Amino acid sequence: MGEASQAFQPDRPCPWCGSAATRLVQRGYTGPTDEVDQYYTCDGCGKTTYELIAKTAREMRMGRFRAGGVYQDRIHHTRYLVNRVLKVGLNEYLVYLKPIVAAELAQAEVTR
């Protein structure tokens with residue numbers, strides 16, 4: 001079953017440069033790496049784009065994550081819109097993210 005789920009991967013073009021040369025790193029403890037976050041990297045521009053991040057209850061209180069809020073990745077210098085927050089365990093939350101691209105930000109400013 002693991003091979004079938006790995007075989008189909010939808011196209012994820014890079015939101016920063018538009019390149020289709022991206023590599024997905026799935027969250028999970030059964031794959032080649034023990035990743036708590038799910039992201040993809042672009043071979044074109046080298047940027048990392050997160051789809052979901054895992055946070056503890058303490059991190060959730062400190063970060064004040066909520067749907068509609070903004071998450072800033074200070075390591076990669078990118079900003080994301082928080083689409084959804086899902087509690088998945090006693091002390092774990094999944095935060096679903098959508099990248100805020102400069103073009104989208106400029107377009108939102110024009111429509112205001």
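Worth saying up front: this structure is predicted, and the values here are computed from it rather than measured.
For residues 37-63, the pairs satisfying salt bridge (Lys or Arg N to Asp or Glu O under 4.0 Å) are Arg12-Glu51, Arg23-Asp43, with sequence neighbours left out.
Minimum interatomic distance between Pro99 and Thr49 (heavy atoms only, all atoms of both residues): CG-CG2, 3.9 Å. Nearest heavy atoms, Thr48 versus Thr41: OG1-CG2, 3.6 Å. The minimum heavy-atom distance linking Ala54 with Val36 is given by the pair CB-O, 3.5 Å. Counting all heavy atoms, side chain and backbone alike, Val85 lies closest to Met60 at CG1-CE, 3.4 Å.
Here Asp73 pairs with His76 under the side chain to side chain donor-acceptor pair (under 3.5 Å) rule; sequence neighbours left out.
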Worked check of side-chain contact (heavy atoms from CB on, under 4.5 Å) between Leu81 and Leu97: CA-CA 6 Å; Leu81 178 66; Leu97 304 171; over 6 Å; no

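Ring planes of Trp16 and Tyr80: perpendicular class, angle over 60° (limits at 30 and 60°).
Of the inter-residue distances, the one linking Gln38 atom CD with Tyr96 atom OH reads 8.0 Å to the nearest 0.5 angstrom. One finds the NZ atom of Lys87 at 11.0 Å from the CD atom of Glu92 (value rounded to the nearest 0.5 Å).
Between Tyr40 and Val25 the shortest side-chain heavy-atom distance does not fall below 4.5 Å. Ile53 has its side chain out of reach of Leu94: every pair of non-hydrogen atoms, C-beta onward, lies at least 4.5 Å apart. Side-chain contact between Pro13 and Ser19 is absent, with no heavy atoms from C-beta onward closer than 4.5 Å.
Checked against the 6.0 Å centroid threshold, Tyr71 and Phe65 count as a close aromatic pair.
Leu86 is connected to Leu52 through a chain of hydrophobic side-chain contacts under 4.5 Å among Ile, Leu, Val, Met, Phe, Trp and Tyr, so both are in one cluster.
For Ile75, the CD1 atom counts as loosely surrounded, since its 6.0 Å shell holds 12 or fewer non-hydrogen atoms of other residues, nucleotides or ligands.
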